[in-house]
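Index from 1, following the sequence.
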Amino acid sequence: MAEAIVSGVFERLTSFSLQVAENGVRLVVGVNEELKKIGTTLCTIRAVLADAEKRQVKEQAVKLWLDRLQNAAYDIEDLLDGWSTVVIRSKIEESQSSFRLSSLQPFANSIPRLVRRRGIATKIKELSESLQVIAKEKDDFAFIVNLIRNDDIEPERPKTTCFVDASEIRGRDQDKNSIISMLLSENGQERGVPIISIVGMGGIGKTTLAQIVYNDREVSAYFQKKLWVCVSDPFDEMRIAKAILEALTGIPSGLGELNTVLEKIHESIVGKKFLLVLDDVWTEDERKWQSLKCCLKSGAPPGSKILVTTRKENVATVMGCTRLFHLGKLSEEECWSLFSQVAFSGWNHRARQILADIGKKIADKCNGLPLAAKTLGGLLRFKKSREQWQRILDSNMWELDEAETGLFSPLLLSYYDLPAPLRQCFSYCAIFPKGYKIEKDLLIKLWMAQGFLGDGNGMEIVGEEYFDNLAMRSFFQEFETDENDDGIIRCKMHDIVHDFAQLLRKRECYVVASNGIEEQRAEWYHESARHLRVILDNEQAVIPSLLYNAKKLRSLLVDSCPSNSSTLNASLPRLFDQLTCLRMLDLSNNRYRKQTSITELPCQIGELIHLRYVSLEGNKGLKELPMTLWDLCNLQTLNIRLCSSIQSSKFIPEGLINLRHLQNAETYGCTSKAFGLKRSILLQTLEEFVVEPFGYLLAWDGEQILKESEMHRSNLCDLGTFALLRGNLKIIGLGDVSRRDAEEAGLWKKTGLRNLTLSFNSMYKGMRVLEGAYAHESSVIEALQPPLYLESLDINRMNGPTAFPSWMVSLTMLKRVRLWACFNWKTLPPMWKLPVLEHLEIWEMKNVKEVGQEFMGAETEKGQASSSSSSSVNNNIAFPSLKHLKFQSMDDWQEWNYGHLLSTMPLLCSLKINSCLKLKSLPRHLLQKTTLQVLDIFDCPILTERYSRNGTGEDWHYISHIPTITIDGEDVKRDGN
């Protein structure tokens, strides 16, 4: 890891020198020479770091030397970053003379502590001298000099982008059957809820075995409720109880008292046979388990079971285990089968034969541990020569004989095979708790904030490549993909892999829980602490006092209980005064969406000039952002999602010139002008853009009216500035814009956009509008042409007549469309023309009385589709790709005519009709399709009567073949039964 840090500082030094030259900055005499000396020294040290990194595992002296080097490198980087920030700020202030008076003073207050010209010269000299001492010490270790930098060697990428299927399990069939037999057995003599414990060493597959059993069909049929809770360490009774309650009810709990939660659990399980899996239990304190155990015992009917996984038999005893199952290692054959499955994925038979003999020897060294076999298989999957495989077999990493480190041996081999930048990206994951679902997008933003991805325009792309590389080498698992199964959105780390990451970041990365009762232990604190997660779990919890002394912190995540919001609010000013090296600050309130944690963000945040990432998500009581926030010219990501009380300020400076991601969904009080984004030309993420009109109203007969011909300009044209926008974009307030503004927004140029929402609500609700005043909407939506690669489109609140922009049929990647709340539409647009549309939802079209040929498709006398755009419809097929169709809240809808194309919706598998009170019937041609698997009718009285079961519904026979039918929330048929 030191190798990556030193390399990063060296590159930062080079870029800083260029920045100084370009901006004509005059340096104090001697500073330039010291900077050159630092660069030369770093270059010399880098040549030995590959050897030093490997030797630190067994040589404590080398480990200590690397720690000192890392700390010195961090200090140099902070100094350069502070200096660079002042250069950037001075340029901004020069171009914004009006801004100087309002914001220069707060920022200037931080300058004396960082970059007074004489002071910085002294600091640079001190750091240079310190680095010289460290460089001389390296000679004492006789390191091997390696002039080929490891981070210059790009990892070989696989030819296929698919990942190894983690569900392919080897050698556990007998174990699975044994556990299932225990779970399904009923012994009337057992009192309470039987507890079955799977015990085994780390990496042996306890969680995997529990997952196989949990998802078994026979087990699912036997238990009425199945609950899975990842316990981990520490054993938090409140968190576990809430997790159980949420699994039972499907609703997150905002309860603050443990006893109340336990009462709710008891009510939810009475009379229901349940299976509760408690995965990865560590606590040997019986008291922490007792109250939850009593609650489960008193409410459980016969047949209920608890399944526990743990590394320690003592834990199983403390939990009151009634059946103990020791999970053994894989046999040599089973281990080889798992290893070869991963290592030889995508290889031909000849290539496998050449390396099979060495592979079997490596598999034997995995000692029967599935995790080791998968990890090494992932490493060797990309190495094609015997020499590379032989090098792994002969590595001295296998010689580590300590119990814990010995388990890490295969991980160390994979870790040191990574290029240096990927090593620090992986080890940074130690900041997440065990069992945490890591969001890929968030992880990449955090890597970016720490400088792990360089400083170019393509940081996000580099992050994607790094993530994929780590995933393919089995450092991540349990992947969750997006709706289209096109990419990973979340993952987890195996517990052993997480332990390994924590070992690598020892003395740097900590997770601290404070409950305000027990005296806070100081074990976590070390002067070199850089990354910290603080958990405040109850109203007595306070910020640990030692945190104020951790002045070198670069990452701070505060996970706060809402009941102690006053404590957190009072602590923030002092924290911001002390923790001036922070690059990532997370004060989000994701666990308690219904409550608030932070009500005020102190102005001292403007002094945290190194900040790249700030998250305030979910703080619904936060009413404004301090002006000093816009002093953070290095800020890359600002997350204020669900901060629904934030109001727009009258004047916002445009200082966020490096902002790349503004995550502002559901910040209802803010127009987009409030964020001062005109200079943020690097912006890639803008979740919501609220249009702000510049005066559209005229007087007419004493009333206020809106007239298209008199429209002035809006800020919609500002979107044209952001050429790099990608992902999701929602535009609100399009009812108040002109075609000219829509054209200047230039949506079609933003080729990275994938999901677009166009909301035509007006700022002038309730006003009387001239007849025909909304006719401009069709020209506006025509001018809002999105890029060709758009995948999802949402159009809502149009007030004019039915509109179908000509560009829609050209969107050959458009898979999802939702149309809703267009109250004056009397017909539906010709959606049948869209060639790849898979999901279509239509809501709240209150004036639509009939759905017919215009929507379903029509055929001319010559047998061709009745449209000049018929070339997009293959062989006269309407909705050729549609799989899911939903109508909801169509108040006046009465008739649904099938249309006259030869084929309509040939792939339809799901049809949902909700709250269509007047609809008389459904097209028989649709109902009789063999592809239709799900029919859901809710709050449609005429349809309910017409299609009811047991012979009472006149048209039941038209739908009886459909496997799953739900009417008014009740399963009439489920999976054919």
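The shortest distance between side-chain heavy atoms of M319 and L278 falls below 4.5 Å. Q933 is not listed as a side-chain neighbour of S910, based on a closest heavy-atom distance of 4.5 Å or more. Using a 4.5 Å heavy-atom threshold, the side chains of K492 and F476 count as separate. Inter-residue side-chain proximity for R323 and K305 is flagged as unmet; no heavy-atom pair is nearer than 4.5 Å. The shortest side-chain heavy-atom distance between Q888 and F938 does not fall under the 4.5 Å cut-off. Put simply, the side chain of S298 reaches to within 4.5 Å of the side chain of H266, judged on heavy atoms. Looking at heavy atoms from C-beta onward, V497 lies out of side-chain contact with Q477 at the 4.5 angstrom threshold. With contacts defined as side-chain heavy-atom distances shorter than 4.5 Å, the pair F432/L446 qualifies.
Evaluated for a side chain to side chain contact (heavy atoms under 4.5 Å, CB included) with I640, the options L616, N619, L622 yield exactly one hit, L616.
With 3.5 Å as the limit, one finds a donor-acceptor pair spanning the side chains of D586 and S588. With hydrogens and angles left out, the side-chain atoms of D279 and T309 include a donor and acceptor closer than 3.5 Å.
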Worksheet item: Given the rule in the side-chain contact (heavy atoms from CB on, under 4.5 Å) test, do L443 and F467 qualify, once you have shown the distances and angles that lead to the verdict?
Response: CA-CA 9 Å; L443 181 59; F467 180 92; 4.0 Å; yes
Fill in: Criterion side-chain contact (heavy atoms from CB on, under 4.5 Å) on W228 and Q211, from CA distance to verdict
CA-CA 9 Å; W228 182 287; Q211 288 171 331; 3.4 Å; yes
Worksheet item: Which is it for L296 and L292 under the side-chain contact (heavy atoms from CB on, under 4.5 Å) test, yes or no, and what are the steps along the way?
Response: CA-CA 6 Å; L296 296 169; L292 184 57; 4.2 Å; yes
Worksheet item: Under the side-chain contact (heavy atoms from CB on, under 4.5 Å) criterion, do K225 and L276 qualify, and how do the steps go?
Response: CA-CA 8 Å; K225 285 284 185 180; L276 170 62; over 6 Å; no
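Comment: K440 engages E464 in a salt bridge, judged by a side-chain N to carboxylate O separation of less than 4.0 angstrom. Between K815 and D482 no salt bridge is recorded (no basic side-chain N to carboxylate O distance below 4.0 Å).
Listed for the Y214 side chain is no donor-acceptor partner under 3.5 Å among the backbone atoms of L275. Using a distance-only test at 3.5 Å, with no hydrogens or angles considered, a donor-acceptor pair links the side chain of S304 to the main chain of P301. At distances below 3.5 Å, not a single donor-acceptor pair connects side-chain atoms of T964 with backbone N or O atoms of V934. At distances below 3.5 Å, at least one donor-acceptor pair connects side-chain atoms of S178 with backbone N or O atoms of Q174. For K206 (side chain) and R311 (main-chain N/O), no donor-acceptor pair under 3.5 Å exists by modelled atom type.
Under a cut-off of 6.0 angstrom, the local environment of NZ in K226 is crowded, with over 12 non-hydrogen atoms contributed by other residues, nucleotides or ligands. Shown here is K434, whose NZ atom has more than 12 heavy atoms of other residues, nucleotides or ligands within 6.0 Å. The 12-atom threshold is exceeded at NZ of K273, counting heavy atoms of other residues, nucleotides or ligands nearer than 6.0 Å. Within a 6.0 Å sphere centred on NZ of K886, heavy atoms belonging to other residues, nucleotides or ligands number more than 12.
Here K176 contributes atom NZ and D216 contributes atom CG; the two are 5.0 Å apart, rounded to the nearest 0.5 Å. Distance check, rounded to the nearest 0.5 Å: CD of E439 to CD1 of I488 gives 13.5 Å.
Residues V199 and A316 approach most closely at CG2-CB, 4.2 Å, considering heavy atoms. Looking at every heavy atom in both residues, C940 comes nearest to D968 through N-OD1, 4.4 Å. For the residue pair I195 and K293, the shortest heavy atom distance occurs at CD1-CE, 4.3 Å. Across every non-hydrogen atom of E334 and L330, the tightest pair is OE1-CA, 3.6 Å. The heavy-atom pair separating R533 from P433 by the smallest distance is NE-CD, 3.6 Å. For the pair K620 and L642, the tightest heavy-atom approach, listed with the atom from each and the gap, is CG-O, 3.3 Å.
Note on ring orientation: taking the six-membered ring where Trp is involved, the planes of H531 and Y428 are perpendicular (angle over 60°, cut-offs 30° and 60°).
Side-chain rings of F475 and F500 stay apart, their centers remaining 6.0 Å or farther from each other.
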